[in-house]
Amino acid sequence: MARILLMLVLAAVQTLAEEDLFGLDAETAGFLDDANRILLSGVTGELPGEEDHVVLQCDVMSDDKDFPEKELKAAKESRYRFVDFDLPQRDQELLKEQQNMLIHQQAILIEQQDTLTFQQSTLINQQEELNEQQKEVVTFMEKSSSMDVCQTCAFDEYCSTDIDPPYCFPCRKCPKGYRVKSECTRTKDAECEDIDECSQSASACPMPEKCVNTPGGFLCIGELSTCTKEYFFNIGTTQCEPCTQCRHKSDVMTACSAFADAVCFPSVVKHMSDLWRGNIKNTTHINPDQYMMAGITLPLRSLTTSNDTFVVSHDTYSLSARKPGVLWMDYNFAVKHSCINYIQMTLKSPEMKLGLSGARIEEAQDDVYHGASLGASMVAEENEHIRLELKSNNRYCFPNHFAGHQTRLKAVADDSLSGPLSVLWLSNEMGAVTMTARTRLTTYHSKWVSLFEHAKTTDPFIINLNNNRRFTFGEAGVVKFTYNQAIYSIGEQCQKDGFSVVPRYLVNDTEVLLSRRYKSGITRRDTSLSISGVWPVDANGALVFQINSPQNCQTRFYGDRSAVGVLNMIWLPAEHSAAFAATLSKTRSLYGAQARVLEFKETQNSRKDVFHMMGNGFIKFQKPGRININYHQKMIHSCDYAQLTAYYVGSVGQTPAPIVQQVLGRTDASWDGLSMSGSYAVEAGSQVYLEMSCKRGRINKVAEEEWSTLYILWVKP
């Protein structure tokens, strides 16, 4: 509109100039006709008292170089000219009409702009509604697909809708000694409950024996317990266990009886050590909805009676220590899987950023068990938590139920084959010192002396890391250690010759090779090496660790701040602890298909008043306490799996009870190794022995001496 008004004004000025109303001559008027620029300084309103007059205030300029000098001089002398001229009434009406028309057109344009804005807003709202409808359609399609999955469940399966998408699981079958509490339905698994045989029948046991109900069965026990003084019979573990000792008699809430532990008033329990044993539960129902790459926290169940030191939290799937102290944890696990590239188990504490210890089990195309053992130490504050986490770097690593995936987790061994998770608690009064060090990320070949960094110790005078390689000790005592190291190797020689971890003890210019832990070779895959041991150390003694790999095998050792390259160590005063070591002997007697008791040759015994090596392979404990067993073995076998089990025998006539176990799948005529660790409570006069068994196949060969070594740590109860 401004452009139109300006054109009208210029036209008027042009007309006035042509009619010589500005007082310019014809030459100037002709120049104005061809000029490219006429600058208007402004237009004023009507002349006072004269309706048909307007005043134009103009600044007339030109870009033409031929502008007459006299006019230019005149323009400079008088910049503004006031011109008085008359417009006919008809022209004024025409101008007003044109102005009104322009105003009307502007109003129409504004209205059209408002209409377009409203229509745009409507389109945006309609697009949002379409997006919401699309989401509803997708959700409906997913639900329809899920219902299709549930429709495919067999008659002995139920459809779990707790995971997304739902899947068909086999219905639970109640084992012997249990009955069905609720039947399996289309969307819910069956529930089982223990049968109390003692309440069902008064004649379950002959007189005068007492009937004691146990999970899945019952026991007939004499009126007096077969356990010795200061021990009670734990019906959960069917073993004699030491009674809890309160500080004073007045602190006893409930006295220790034949079949129940003592209960003390809070915070008055007097222990130098305590113990918790458990395992994961529902191994066949690991929830894939939790995404294996992020890690699955595994639910725990207790194998020991409750005490005032530990408690299992079912909400957080964790174990917590109720009292401050030092913890040593061991966990044996075995899996069948074909996940690319590995499965990793990690001991974690939510209060700590880094994992305590972790091990990787390599991808395997065949349907065999591969296992590993974890060990870790930590200084625990009150209510500090411990968790087990299972993860894989393969997003398609699912449990056994998900057919159609070639890479998946097939099975996690239950506690009858592999386990347990054991936690040994040590009072601060015992004076234990912990050390944690993480290996440096390195690529190497042949022999590699492990390099450590990020070392943390509770007492650098007692344990210290020198030159990133040697762990030195300031006082004599007993040391328990576990070293877990994840590797990735490349080369055919790696697969052919395998790997070994070798700890060495150095003192007074002498070197003691403690043991050799063997691991079968791999190439272009991840796996883990590990070794655990117990040894008495002297002041100024040192431990070093070496990993042997083939000459032409390039190996990457994972480390830095990861949980898969870490050494955990604990030092204990000699007055509160003892160490025992032995190597396997008479291995030829183990060959074949029958279960055999392992026989050992004693190589270390720091306290003869605690350990006694018997001739039949049994180790006898002459003092009560808590023990930690560590054993590793190199072997060849063709069994579906070979199993090693440590048995505990309490009072005379008591049935041996398995306390630590581990399995190894068939080795296909090649060497491989397995290891196991765990803690248990022993009474004076009790014994421990190890047995090796084979399921469908035979033991072909077992290595002797340092390749198959037993270590036992004893601490005061």
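- Taking the ring axis of Trp425 as reference, the NZ or CZ atom of Lys323 stays within 45° of it and closer than 6.0 Å to the ring centre.
- When side chains are defined from C-beta on, Met692 counts as touching Met635, because their heavy atoms get closer than 4.5 Å.
- Residues Val326 and Ile570 form a side-chain contact, since some pair of their non-hydrogen atoms from C-beta on lies under 4.5 Å apart.
- With Tyr558 as the partner, the side-chain contact (heavy atoms from CB on, under 4.5 Å) test is satisfied by one option alone out of Thr439, Ile487, Val566, Asp526: Asp526.
- Partners of Arg469 by side chain to side chain donor-acceptor pair (under 3.5 Å), not counting sequence neighbours: none found.
- For the pair Arg360 and Tyr342, the cation-pi criterion (under 6.0 Å, within 45° of the ring axis) is fulfilled.
- Of all heavy-atom pairs spanning Ser446 and Gln551, the tightest one is OG-OE1, 3.4 Å.
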(request) I would like to know whether Tyr488 and Phe557 meet ring-ring contact (aromatic ring centres under 6.0 Å, His included); could you show each step before the answer? (result) CA-CA 7 Å; Tyr488 180 88; Phe557 300 91; over 10 Å; no

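- Between Phe600 and Tyr631, the ring centre distance stays below 6.0 Å.
- By the 4.5 Å heavy-atom criterion applied to side chains, Ile531 and Ser515 are counted as neighbours.
- For Tyr689 and Tyr648, the gap between ring centers reaches or exceeds 6.0 Å.
- Of the candidates Tyr505, Phe452, Phe481, Trp535, Phe471 forms a ring-ring contact (aromatic ring centres under 6.0 Å, His included) with just one, namely Phe452.
- Between Val501 and Ser530, the shortest heavy-atom distance links the atoms CG2-N, 4.4 Å.
- Nearest heavy atom pair, residue Leu426 against residue Ser273, reads CD2-CB, 3.9 Å.
- Contact annotation: the side chain of Leu710 approaches that of Ile629 to within less than 4.5 Å [non-hydrogen atoms, C-beta and beyond].
- With hydrogens and angles ignored, the 3.5 Å screen pairs no side-chain donor or acceptor of Thr346 with any backbone N or O of Lys348.
- In summary, Arg504 and Glu511 engage in a salt bridge, as defined by a charged side-chain N under 4.0 Å from a carboxylate O.
- Leu421 places a side-chain heavy atom less than 4.5 Å from the side chain of Leu300.
- The environment of Asn466 atom CG is dense: over 12 non-hydrogen atoms of other residues, nucleotides or ligands sit within 6.0 angstrom.
- Counting heavy atoms of neighbouring residues, nucleotides and ligands inside a 6.0 Å radius, atom CD of Gln554 does not exceed 12 of them.
- Looking at Trp276 and Thr309, their side chains never come closer than 4.5 Å, going by heavy atoms from C-beta outward.
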(request) Any chance you could lay out the side chain to side chain contact (heavy atoms under 4.5 Å, CB included) test for Val544 and Leu506, step after step, and finish with the verdict? (result) CA-CA 8 Å; Val544 295; Leu506 312 175; 4.2 Å; yes

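- Aromatic ring pairs are classed by plane angle as parallel below 30°, tilted from 30° to 60° and perpendicular above 60°; the pair Phe545 and Tyr483 is perpendicular.
- Minimum interatomic distance between Leu417 and Ala413 (heavy atoms only, all atoms of both residues): CB-CB, 4.0 Å.
- Counting only distance, with no hydrogens or angles, the side chain of Thr442 and the backbone of Arg440 share a donor-acceptor pair below 3.5 Å.
- A salt bridge is defined here as a Lys NZ or Arg NE, NH1 or NH2 lying under 4.0 Å from an Asp or Glu carboxylate O, and Lys601 with Glu704 fails to meet this definition.
- Residues Lys447 and Gln546 form a side-chain contact, since some pair of their non-hydrogen atoms from C-beta on lies under 4.5 Å apart.
- Two residues are said to be in side-chain contact when any heavy atoms from C-beta on lie closer than 4.5 Å; Val610 and Gln622 fail this criterion.
- Taking each heavy atom of Ser418 and Ala334 in turn, the nearest pair found is OG-N, 3.5 Å.
- Checked against the 6.0 Å centroid threshold, Phe473 and Trp571 do not count as a close aromatic pair.
- The heavy-atom pair separating Met676 from Thr645 by the smallest distance is CE-C, 4.2 Å.
- Enclosure of atom CG in Asn540 is not indicated, since only 12 or fewer non-hydrogen atoms of other residues, nucleotides or ligands lie within 6.0 angstrom.
- Residue Asn508 places its CG atom among 12 or fewer non-hydrogen atoms of other residues, nucleotides or ligands, all under 6.0 Å distant.
- Environment of CZ in Arg607: crowded, with over 12 heavy atoms of neighbouring residues, nucleotides or ligands closer than 6.0 Å.
- Ring-plane geometry between Trp707 and Tyr518 is classed as perpendicular, the angle between the planes exceeding 60 degrees on a 0 to 90 degree scale with a lower cut at 30.
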